[in-house]
There are 2 protein chains.
Amino acid sequence: MTISAPVTRMKSGERRELILEAATEVFAETGYVGTTTADIARAAGVSQPYVVRLFGTKEQLFLDVIQRALDVLLAAFRGALDDATSDVPLGKRMALAYVNQLNQHGLLLSLMHAFVLGRDPVIGAAARAGFMKVYRFLRDDAGFDPLEVQNFLASGMLVNTMIGIDMVEDYDGDPDVRELMECAFPEKLDMVRALASQREQEQR
Amino acid sequence: MTISAPVTRMKSGERRELILEAATEVFAETGYVGTTTADIARAAGVSQPYVVRLFGTKEQLFLDVIQRALDVLLAAFRGALDDATSDVPLGKRMALAYVNQLNQHGLLLSLMHAFVLGRDPVIGAAARAGFMKVYRFLRDDAGFDPLEVQNFLASGMLVNTMIGIDMVEDYDGDPDVRELMECAFPEKLDMVRALASQREQEQR
DNA sequence: AGTCTAAGTAATCGATCGATAACTAATCAT
DNA sequence: ATGATTAGTTATCGATCGATTACTTAGACT
């Protein structure tokens, strides 16, 4: 009677990973509070109760999402740091490694949603800890001095904001938007625009 | 039978302004979706239905909040721009004008909550329009060239993030937090800290 | 072949929220 | 004074959401 979903089962660890990736996208789009566990379940192709059973609570799922995002980000930084073959200066390599994370669409933006909830006792504490982990990495491992770190983080937060505000949406219609974005995404504007139009295709 | 609230009536315009100010604080703390009209009503000392009747919908109230925030911010910029008596360079005057807005606690943060909802069709459009209004002011009225504007905005977004993540919460417990914040809030760190502890007092 | 474990779903519930309706009373204009 | 207007409330409703419970079945292991 009921239309059965495709019944290929996974091991729970593998399914968890899929759900984490789907949740990253959905949280990025609608924020922590604005995202329902049903939204995530739909995006991941499972039932809503299974999402909460795998992660306990929506809050825990969000914490796992931002934890994973930080792990991915720091791994990318480490990769750029260890890439000694390049003659590109370190600061620029790190900046490119950051902007490259926009390939996994929701990654930086889901972090941003956590950053803006600092007053929430548990999410806020996790967000601060994660942010400071990045700060310490840039200072201690990458060897930036505090002022360099600050400039790097500032540029990163502007990138996050431009993505969060979905500025590409107005790229074609407003020459000022174009001017600003060409300035804010060094060498990676084409990628950002391509991802945006790809996203638009998917939503049909 | 019921304990009557103090029955001094206001003209609706005046009450609207009070509610807008209260809503700015509450939206800043818990975000657009995470804030209920009842929360705002409580903060403003009126009933929940009256809030939605004065503004139509919660969405319209939020739009009015960020519109007002932008007006206040641009007025402050204009003030700093016109203050020709000072021998402080223009860039620094503008930066101080920005950080000074933290006096009205939720102002910059409520804007940040709008910036992060760019995919919402109506809030996103308003957020982009507001952001670009600031961009154009800095470029055309303040006379910054695009790169200066970009650096200015980047610093601003870092400030917003540090406030949103509530970094002051860990100021005393983590020397790295202290180092970062001293770097990020030029000359205004004392003010930020004072406001935070004042806020903590209020919540008892 | 049969059993047991783990993956997954359907059904449902209590709480919460934004909005509407219906009502009350203060203030203002004549 | 009184009637009209405007400021404000109480009560309530339909929708939504996260979570729980109880059930089903695919696949691994003897």
Side-chain angles (χ1 to χ4, degrees), chain A residues 1-23 26-27 29-66 110 113 117 120-123, chain B residues 1-23 26-27 29-66 110 113 117 120-123:
Chain A
M1 190 67 74
T2 58
I3 306 165
S4 295
V7 279
T8 28
R9 290 192 176 182
M10 288 178 179
K11 282 195 263 182
S12 70
E14 196 177 349
R15 185 67 82 185
R16 272 182 68 98
E17 194 57 36
L18 280 185
I19 295 177
L20 278 175
E21 286 170 26
V26 186
F27 276 134
E29 198 164 334
T30 43
Y32 172 58
V33 192
T35 297
T36 72
T37 54
D39 292 335
I40 295 168
R42 196 173 315 117
V46 296
S47 68
Q48 177 264 337
Y50 195 46
V51 170
V52 349
R53 198 160 85 172
L54 274 185
F55 294 89
T57 64
K58 173 179 157 181
E59 180 181 72
Q60 187 59 53
L61 168 57
F62 187 64
L63 292 173
D64 289 353
V65 163
I66 68 174
S110 60
H113 278 286
L117 293 182
D120 178 286
V122 15
I123 294 177
Chain B
M1 190 69 74
T2 58
I3 307 165
S4 295
V7 279
T8 27
R9 290 195 174 180
M10 290 179 176
K11 283 194 263 183
S12 70
E14 195 178 349
R15 185 68 82 182
R16 273 183 66 98
E17 194 56 36
L18 279 186
I19 294 178
L20 278 176
E21 286 169 27
V26 186
F27 277 134
E29 198 164 335
T30 44
Y32 172 57
V33 193
T35 297
T36 73
T37 54
D39 291 337
I40 295 167
R42 196 173 317 118
V46 296
S47 67
Q48 176 265 336
Y50 194 47
V51 170
V52 349
R53 197 158 89 171
L54 273 186
F55 293 89
T57 63
K58 174 180 155 179
E59 181 181 72
Q60 188 58 52
L61 168 56
F62 187 63
L63 291 173
D64 289 353
V65 163
I66 67 174
S110 60
H113 278 287
L117 292 182
D120 179 285
V122 14
I123 294 177

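What you see is a predicted model, and the numbers here were worked out from it, not measured in a lab. Order of the sequence lines fixes the chain letters, A, B, ..., with proteins taken first and strands second; residue numbering starts at 1 for each chain.
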Between dA19(C), dA19(D), dT9(C), which nucleotide has the shortest distance from any of its atoms to the side chain of Gln48(A)?
dA19(D)
Please report, rounded to the nearest Å, how far the C1' atom of dG18(C) is from the CG atom of Leu54(B).
15 Å
What nucleotide among dT9(C), dG8(D), dA19(D) has an atom nearest to a side-chain atom of Val46(A)?
dT9(C)
Does a side-chain N or O of Ser47(B) approach OP1 or OP2 of dG8(D) to a distance below 4.0 Å, or not?
no
Can you tell me how far apart CD1 (Ile40(A)) and CZ (Phe27(A)) are? Round to the nearest 0.5 Å.
3.5 Å
Lys58(B) has its side chain closest, among dA19(D), dT20(C), dG18(C), to dG18(C)
Quickly work out the Arg15(B) CZ to dT27(C) P distance and round it to whole Å.
12 Å
Output the rounded distance in Å from CG (Leu61(B)) to C1' (dC17(C)).
15 Å
Identify which nucleotide among dA7(C), dT21(D), dG18(D) has an atom closest to any side-chain atom of Thr36(A), counting heavy atoms from C-beta outward.
dG18(D)
Please report, rounded to the nearest Å, how far the P atom of dC17(D) is from the OH atom of Tyr32(A).
14 Å
Kindly point out which of dA7(D), dA11(D), dG18(D) is positioned nearest to the side chain of Thr37(A)?
dG18(D)
Report the C-alpha distance between Thr35(B) and His113(B) in whole Å, list the side-chain angles of each, state the deciding distance to 0.1 Å, and finish with yes or no for side-chain contact (heavy atoms from CB on, under 4.5 Å).
CA-CA 11 Å; Thr35(B) 297; His113(B) 278 287; over 6 Å; no
Compare all side-chain heavy atoms of Arg16(B) with those of Asp64(B) and state whether any distance is below 4.5 angstrom.
yes
Taking CG from Leu18(A) and C1' from dG8(C), how many angstroms apart are they, rounded to a whole number?
14 Å
Rounded interatomic separation in angstrom, taking CZ from Arg16(A) and P from dA6(C):
16 Å
Any side-chain N or O of Ser12(A) below 4.0 angstrom from OP1/OP2 of dA7(C)?
yes
Arg53(A) has a side chain; which of dG8(D), dA22(D), dC17(D) sits nearest to it?
dA22(D)
Given the options Thr36(A), Asp39(A), Thr37(A), Gln48(A) meets side chain to side chain donor-acceptor pair (under 3.5 Å) only with Thr37(A)
Given dA19(D), dG8(D), dA21(C), the nucleotide with the shortest approach to the side chain of Met10(B)
dG8(D)
So, is Arg9(A) near the phosphate of dT25(D), with a side-chain N or O under 4.0 Å from OP1 or OP2?
no
Testing dG18(C), dA7(C), dA19(D) for proximity to the side chain of Thr57(A), the answer is dA19(D)
Starting from P on dA19(D), measure out to OH on Tyr50(A) and report it in whole angstrom.
17 Å
Please give, in whole Å, the distance from dG8(C) P to Phe55(A) CZ?
12 Å
Side chains of Asp120(A) and Thr30(B) in contact at under 4.5 Å (non-hydrogen atoms):
no
